[in-house]
Each structure stands twice: as structure tokens, then as C-alpha cells.
4 protein chains.
Amino acid sequence: MALQVVSKVEVPELVEKRRGQILKAAIELYGRQGYHVTTIREVAHRAKVSVGLIYQYVADKEDVLFLALVEVLDSYLREIPLALEGLTDPMERFCAAVHAYGRVIDARIDATLLVYRETKSLGRPRRELLKAREIQSNQLISDAIEACVRAGLFDAVDVEMLTYMIVMFCHAWALKSWRFRGRLTIDAYLDRGLKLMLEPVVTPSGRRGFLAVASRPAAAPGPATKARKPRRPA
Amino acid sequence: MALQVVSKVEVPELVEKRRGQILKAAIELYGRQGYHVTTIREVAHRAKVSVGLIYQYVADKEDVLFLALVEVLDSYLREIPLALEGLTDPMERFCAAVHAYGRVIDARIDATLLVYRETKSLGRPRRELLKAREIQSNQLISDAIEACVRAGLFDAVDVEMLTYMIVMFCHAWALKSWRFRGRLTIDAYLDRGLKLMLEPVVTPSGRRGFLAVASRPAAAPGPATKARKPRRPA
Amino acid sequence: MALQVVSKVEVPELVEKRRGQILKAAIELYGRQGYHVTTIREVAHRAKVSVGLIYQYVADKEDVLFLALVEVLDSYLREIPLALEGLTDPMERFCAAVHAYGRVIDARIDATLLVYRETKSLGRPRRELLKAREIQSNQLISDAIEACVRAGLFDAVDVEMLTYMIVMFCHAWALKSWRFRGRLTIDAYLDRGLKLMLEPVVTPSGRRGFLAVASRPAAAPGPATKARKPRRPA
Amino acid sequence: MALQVVSKVEVPELVEKRRGQILKAAIELYGRQGYHVTTIREVAHRAKVSVGLIYQYVADKEDVLFLALVEVLDSYLREIPLALEGLTDPMERFCAAVHAYGRVIDARIDATLLVYRETKSLGRPRRELLKAREIQSNQLISDAIEACVRAGLFDAVDVEMLTYMIVMFCHAWALKSWRFRGRLTIDAYLDRGLKLMLEPVVTPSGRRGFLAVASRPAAAPGPATKARKPRRPA
DNA sequence: GATGAATGAGCGTTCATTCAT
DNA sequence: GATGAATGAACGCTCATTCAT
């Protein structure tokens, strides 16, 4: 199938390791310079392997792009659940999810833009697979929203639309990074946005929890955010 | 300067006409297939001119991209003021501006995505020029917001942030068109979004006007929106 | 015939005038940058005419080269007899001829090199024509030599070989101009060379005349030679 | 530096071998047709390699020209010392040097002309390097002259001027090959020229040696000269 | 007669991909 | 499994030449 990326090498650990090297290099280079402008030679060089080796783990230059984009999307899918571990309060979980999402994006702005810029360079079926991955991320957010609704913390809302707006707002941090970067931390940015978006949604009973969560210092800073300014309560 | 695109032909009308042909073809092709994948030969062919002719009006392939992106951004700057002509009520003007913005985007989804995808392929100074163009569009929206604030229709708000959210929301129609396209018209999409975003912002006195404007059928459908389904009141 | 350069314009004075403009520009540009590197556009620009005009007086880019080379060679054929006018003494005529030759070359070093560099770019028959022109120049020199021989001023010599050496010596001023230029004037250069070459050739009776002619200051400096240092008698 | 020609392949033997192939083809083609008229494809074809391969050993077309010209000049520098090996008599060495020079030129007339025709196509620094190479060749000749002077075989002469004349005379064999080729061998040509040029220079004591050397049949014909006619003693 | 916009063949160069070692 | 030299299709771009005005 066009979806499969075939490797001439069989040993799974080797495939994992080599592809890891290659993709790391590729994501950096594609993210910085763009996919089409980056040559396989450059990727090989940066990954400290030979050109030939790449073609043992991948059939195509396009395969590299595909794997790279999948890897970026997967990193979102790994990070968000990680941030949720141990949290039980729905409001807390919701906020944690959004912040986790924002932070992965902030940590890899170029990679995020890469997804936006180069998804179209892929064939139809692979684009669909990527879309599915994105929907999975969204699901993590909308699950958190629905939990809040069920817990009576949010009004009954158009969950899909709200999810969509939140996700777009997170992505916008990367898409328009020149606008707020340097002036705001990702966390401050998210809090301001959430407050605006949730105002009409949070129930009176949810409001306390929301305020508490939103205004407390970020629980786990993570390596993603370098500077952190005190968030000013709206 | 790197910003200037020089033409070997002097006659301004000819430059206008030929560049028009070339850019139309380029925007279509770049929008559909991507910039790097599209050859100058393809552009020439689609514009029904010879390869050589393109190079009489442009110094290199990157110039074509630059002019294409400028043209797309300029079309926004042309359309929004057009939609405002004759309108005096601030609320009406605000809504008209947003809907006009949304409609140009809807009319040229691929072109909008093109801007997102390929701006990075340009050199620094040209990227800055494009950013300036975008800020001009945003200004049109934020002016409309401020007028509403002055008229007491909106609360005093963080105008910059609100503008930003609205703009991103419009762009999102293109960026995530697969999500709502076919299920919603651009106007319905905008109304739903605006309602969500403005809820905490509109003053009681503004509310009547807002509802009136937002729920009436789109005044001038324009050529942008093909299908139009009745908007369901939220 | 391939030798003919056809003009679309009939009026001979016009052809003369226009070709003059074109060739002046062409010789300058070809001489400085080389024939292949120079575009017809550049020639047109420098000649202050349009590209199209050139093609009314010439069929080909190669035609321009051909005419240019002919013009250079013809200028030699014009200058040498001019310098001989009024002179009757064979020895004087001989020296005048050589110096005249040297001076045209000095005056148009680039043009002379052009002939060496680009003759091969022409088709066979035209190359032959050029060769014939060169032989005509040589004839002027060898005629002068033979007159000296007949007058008993030179021994009976291998006239052909001597002519050849003198001609090459003149050309060498252009071919290796970096070697003596600035250190010697063309006249000093010629005198030194002639003395060396003629030593075994001049008869005792010729010697007085030779010394007299060779060591007197150049009769007509001409515009060609800028600096002029007193020739040191060998 | 602009002087260096960089190769993407590191292995020195391979570089040597491949460049050898490429340059052989290039010198032949450039020599026959001219540099600008010859395409890289033609060179590749004649060298029996692919176009791409050339660009692994050279950065651009101009590099090929540069290496070609250097190779031609170097072949002079290799051949002359070779012809001197084992010879001790200054007069013998002088004649051997000149004949060796003449023979390499005769063996590669087109290559010699190539140097004259295309040196100007190179950038300044490379042109200087070539000039330096030529001066090295000249040095070999002038060293031989000076040895003769020291041995009392030549009068004290303007060594520089004499060297220059001899060198030009050798080059002239190529530059004006149409004149004597077929009628004279290179050796006969050289002997005649030398006799003329050296007449006023050779001392009585040197004369015997000179005549002996000059009129004996060429010691080592070498592969350079194909036809050989008996030299007629002057 | 003169112009210069338009054409398109053809060149230099790149780079994804292969395959002998 | 890994290497990197070799290939050649294909692209961006130039420029001699034409021809409508």
C-alpha cells in the first residue's frame, strides 16, 4: 500500500534507530529550509549517514517527508496524555491538555509549520492518514471538554466547534508566532485565549475551578518553554 | 532593491497585462500543486505565453512567487473596503468587514493556503513586506472593532487579541477547510464563530444590532460563495 | 555565397553608416569580453540602435563577427600605405611600413587579439578570406623588403621568412602586451626587434641608412602611441 | 579561493583519473571547436562519462577550461626538462630545450591555440596563474641561454628579449601553422629561425658547436612530429 | 526603415536514485 | 548492512532571431 514505508533492512531495532536518526535530521532541515529545497544528501549529512543508507530504510524522498510528518503528529499524541497522567479533576485535565498541546507546538514551531506547509506534497492516502492523526489529537481535547460538560463545569456546547477553535488557537501560536512571541509565553497566550473562548461556556460552578487552574503557575514547565513571565489575570 | 521586481519591458499597461496573465496561471498552479513542483514551463503554458516571455517581466522564478503572494494579499485589501462602502453603522461595518474577509478567503482557498505554505520560500525583506500587507488587512478589522467600542457597542476589549482571533478564525476556514466545508457556508461559519467570540464582548446595547446583523441573510452573496444553505440560528 | 553579408536595406550610404555604428560597438565589446559572451542586445545597446535594426543590415550574429574582423584587418591595409606616402627611399619605406603596422596594432590591441581569438569561429570560406587579407598586409612588408634587396641595402634573404618574423614580432606586441607594455613604447620595441632581426641581413651600404632611420625619432607619432621614450641606440 | 577547483569526490587517484578523462576530451573539443561552442554534454560524451559525473569533479564549466589550460601549460613544463636530461653541453642543452618546446607545441597545435584563444575567458586570478606558468616555461629557455652566455658561447645579450623572441617564434608555429606546415617540419622551422636569430649573438667559439647541433638530425624525434623531411642546411 | 515584444531551442546545472564494492 | 561514485532526466534561464506595428 502507498501508506506503508518499506525498509530493505529487516531488523526492527535497527530500522527504529536509523529512521530515528534520519527523521531527526529531516525534520530539522525541512522545518528550517523547506522540504523541496532540502536534498537527500543534506539529510544524510546531518544524520551522519550515507545517502545510500537512507534508501535502505525508505523507498523515496517522499517517504522521508511522510515519516517526518507522522513523527511530528505522533509527538503531539504522546505528549498530551503524558500531561494528563495522575490528574482527575476534569477542569484540571482540560487545561493540562490544552497547555500540553500548546507546549509541544511551542517546542517545535518549525515542525508544526512543516506539517502545514508540506502535507499537500503527499499523495491522497497519506494525507488522509495525517488528517486522522490530527483528529486523534483533537479527540484528546474534545474528550476533555466533554468530561467538563458531563461534570457540569461547562454548559452544553457545540463541542466540535469549541475544540476546533481551541486547536486552531494552539496552532496559531506557531502560524503567527511573529505576532506574540517574545511578548507572551505560550502559557500566558493560552490562558488569555482560553479565558476569552470559555467565558460564555463555563458554568458558575465551573468558574471557580477554571480560575484556579488558569491562574496558577504552570504545573510542569517542561523543556518546551524557555522564558516564563507571570501570567496577568485578565 | 531585493523588493523590486524588474521588468525588461517598459510599457506599464503591457507589464500589467502580461504579469496579470502570468500571475493568474501561477496562483492556480502553485495553489494546486505547490510552488517548487510547478515548473516555469507549466506556468507559461497555462498563461498561454512562452517561457521567454515570463523572463521579460520577471527576473526569476522566485519573483513570480513573490508577485503571486502579493497579489493574493492585495486582493484582500481590495475586497474588504469594497464591502464597507455605503455602510455607516459600526456594527454593520464590522460584520461586513469580517464577512468580506471570509469570502475572499473562501473564494480563493488555495491561494490563501499558498500564502501560508510558501511565504518561507522568500527572502527576508520580501517576507517582511508580506507581513506588512497582512497587518494592513488586520488593521481593517481592528478599525471596525474600535469603531464599535467607541460607539459603545462593544466593551472595552483587548482589540489586538480579538482582531487576531477573528483573523485566525477566517484563515482557519482555508487551513481546515476539510472540516466544515460542505457542512457550512462561509457565512454560517463566520456567524457561529463571531457569536462565540463576541458573546463576552458585545454590550447590551450592541446586542440587538449584532443579532440583527448576524442573523439576517447575507446581503450581497458575492461571487465568492457558491452554495448557500440557510444559516441555522445558534 | 557564404562570403557575402546581405543587407535588407538597399541604400548604400545607409548600409555604410549603420554597419559602421554596429561594427564599432561590436569590435569594442567583442574585443573586451569576447564574441560568444557578447549578446546582440549589448551590441545594439552600445551602438544605440535597436536589436531589430541590426538584423536589417546583417543576417546573423556571425555576420557581425565576420564584418568586425574584416574591418580590423582592413584598417591595417589602410594605415600602412598611408604611412608610406611621399617616401621614396627603400630603407625609409621599409621602416615606415613596419612602424605603421606596429602602431595600428598598438592602437587596437584588443581588436588584434580579437582576430586571433575568434577567426576560428567563422566558417571555412570566411576564414580563407581573412587569411587573404592578412597575406595582403604581409605583402606590404615583403614588398618593402624586396625593394631594399633590389636597392642593395639588404642581402639576398629568404624574404618570406623575414617577413614572417617581422609580422609575428608586430603581432607579439599585442599577444604578449603584458610583457613589454609600460616598459617600452611600440616604436622602441620595434627598433630593438628590427635591429636584432636585421643585423645579419643589412649590407654595409644599407647599414648607414638603417641606423639613420632607426634611431631618428618617430616621424609621425600618430594618436596610437601615448608615451614615447627616446629610443636608445643599440 | 577562486584558484582552487573543488571536487566532490575525495579519493585522489579517482580525481586524477576522472579529471584526466574529462580534460582529454575537453582539450580536444575546445581545441577543435572552441570553448563556448562546446557543451558539457559533448565533453561528457567524448569522455565516455555522464554529465553528472563531470560536476562531481568540477564546480562549473569554467573550471573545466581552467584545468584544461593548466594541463596544456604543464605539459610544456614536463616535456622540456625531459629533453634536457643527460645533456651537459650548454649549446646542446639550449637547442634541445628549444626543440622540445617546439615539439610539444607541434604535437598539440590546437591546444596551444586554445590557450591563446580562451585565456581571456577566465577570471583575473586564474589568468595570472596561467601567466606564471608561461613565465616558468620561458625561464627554462632563458636559463639555457644564460648558460651559453656564461660558457662564452653567446655574446652578452639582452636575454629577456632573446627569450621572448624565441618563445614567440615557437608559438608562431601554432599561431600561423597554415603558413609553414606541410612545407617544413617543426625542427627545420626551428633551425632556420634560430640561425637567423642567433647570427648576431653566437661567438666565434660558439659557432662551431651551434652549427654542429643545429644541422644534425634531431636526436630524439619523439612522438610529436609525424612527418619529417630532411632539414636543408641554411 | 526602425522598433522591441515575443518565441523556443538549447544550455549549464542539480539531485533523486541506483548499485558495485 | 553501509558506502558514495555514477547516472541522466528535468529544470531554470538565456538569447539569437522574427515580425507585427
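The chains referred to below are lettered A, B, ... by the order of the sequence lines, with proteins before strands, and numbering in each begins at 1.
Rounded to a whole Å, the CD atom of A/E42 is 15 Å from the P atom of E/dT17. When rounded to the nearest whole Å, the span between CD of B/Q56 and P of F/dC13 equals 15 Å. Atom-to-atom, NE2 of C/H45 to C1' of F/dC15 comes out at 17 Å; the value is rounded to the nearest Å. When the P atom of F/dT3 is taken as reference, atom CD of D/E10 falls 15 Å away, rounded to whole Å. Taking atom NE2 of C/H36 as the reference point, atom C1' of F/dT14 lies 15 Å away to the nearest angstrom. Counting to the nearest Å, the C1' atom of E/dG12 and the CG atom of D/L65 are 15 Å from each other. One interatomic measurement links the two molecules: CG of D/L53 to C1' of F/dG4, which rounds to 12 Å at whole-angstrom precision. Distance CG (D/D60) to C1' (E/dG12): 9 Å, rounded to an integer number of Å.
The shortest distance between side-chain heavy atoms of A/V15 and A/P12 does not fall below 4.5 Å.
The side chain of B/Y57 contributes no N or O atom lying less than 4.0 Å from OP1 or OP2 of E/dA5. Distances shorter than 4.0 Å separate none of the side-chain N or O atoms of A/R41 from OP1 or OP2 on E/dT14. OP1 and OP2 of E/dT7 both lie 4.0 Å or more from every side-chain N or O belonging to B/Y55.
Side-chain proximity of A/T39 to the nucleotides E/dA16, F/dG8, E/dA5 is greatest for E/dA16. Among the nucleotides F/dA16, E/dA5, F/dT7, the one closest to the side chain of C/K61 is F/dA16.
A cation-pi arrangement is absent between A/R19 and A/Y57, since the terminal nitrogen or guanidinium carbon is not both under 6.0 Å from the aromatic centre and inside a 45° cone about the axis. A cation-pi contact, defined as under 6.0 Å to the ring centre and within 45° of the axis, links A/K61 to A/Y35.
E/dG10 is paired with F/dC13 under the Watson-Crick or G-U wobble criterion, all donor-acceptor distances under 3.5 Å. Using N1 to N3 plus N6-O4 or O6-N4 for Watson-Crick, or N1-O2 and O6-N3 for G-U wobble, each under 3.5 Å, F/dA5 pairs with E/dT18.
Residue-to-nucleotide proximity on DNA chain E shows that, of D/V51 and B/I54, the 5′-proximal contact is made by B/I54. In terms of position on DNA chain F, the residue among B/E62 and A/L14 whose nearest nucleotide sits closer to the 5' end is A/L14. Both B/K8 and D/K48 lie close to DNA chain F; mapped to their nearest nucleotides by heavy-atom distance, the more 5′-ward contact belongs to D/K48. Summary of the strand contacts: A/V37 and C/S50 both lie near DNA chain E, and taking for each the nucleotide with the nearest heavy atom, the more 5' one is attributed to C/S50.
As judged by a 4.0 angstrom heavy-atom cut-off over every strand, B/I40 is placed among residues touching the sugar-phosphate backbone only. Using a 4.0 Å heavy-atom distance criterion, B/T38 is classed as a sugar-phosphate-only contact.
Here A/E128 pairs with A/R124 in a salt bridge; the nearest charged N to carboxylate O distance falls below 4.0 Å.
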Using the rule given for salt bridge (Lys or Arg N to Asp or Glu O under 4.0 Å), can you reason through A/D74 versus A/R133, listing the C-alpha separation, both sets of side-chain angles and the distance that settles it, and then say yes or no?
CA-CA 7 Å; A/D74 277 350; A/R133 280 286 202 292; 2.5 Å; yes
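B/Q21 CD to B/K48 NZ: the interatomic distance, rounded to the nearest 0.5 Å, is 10.0 Å.
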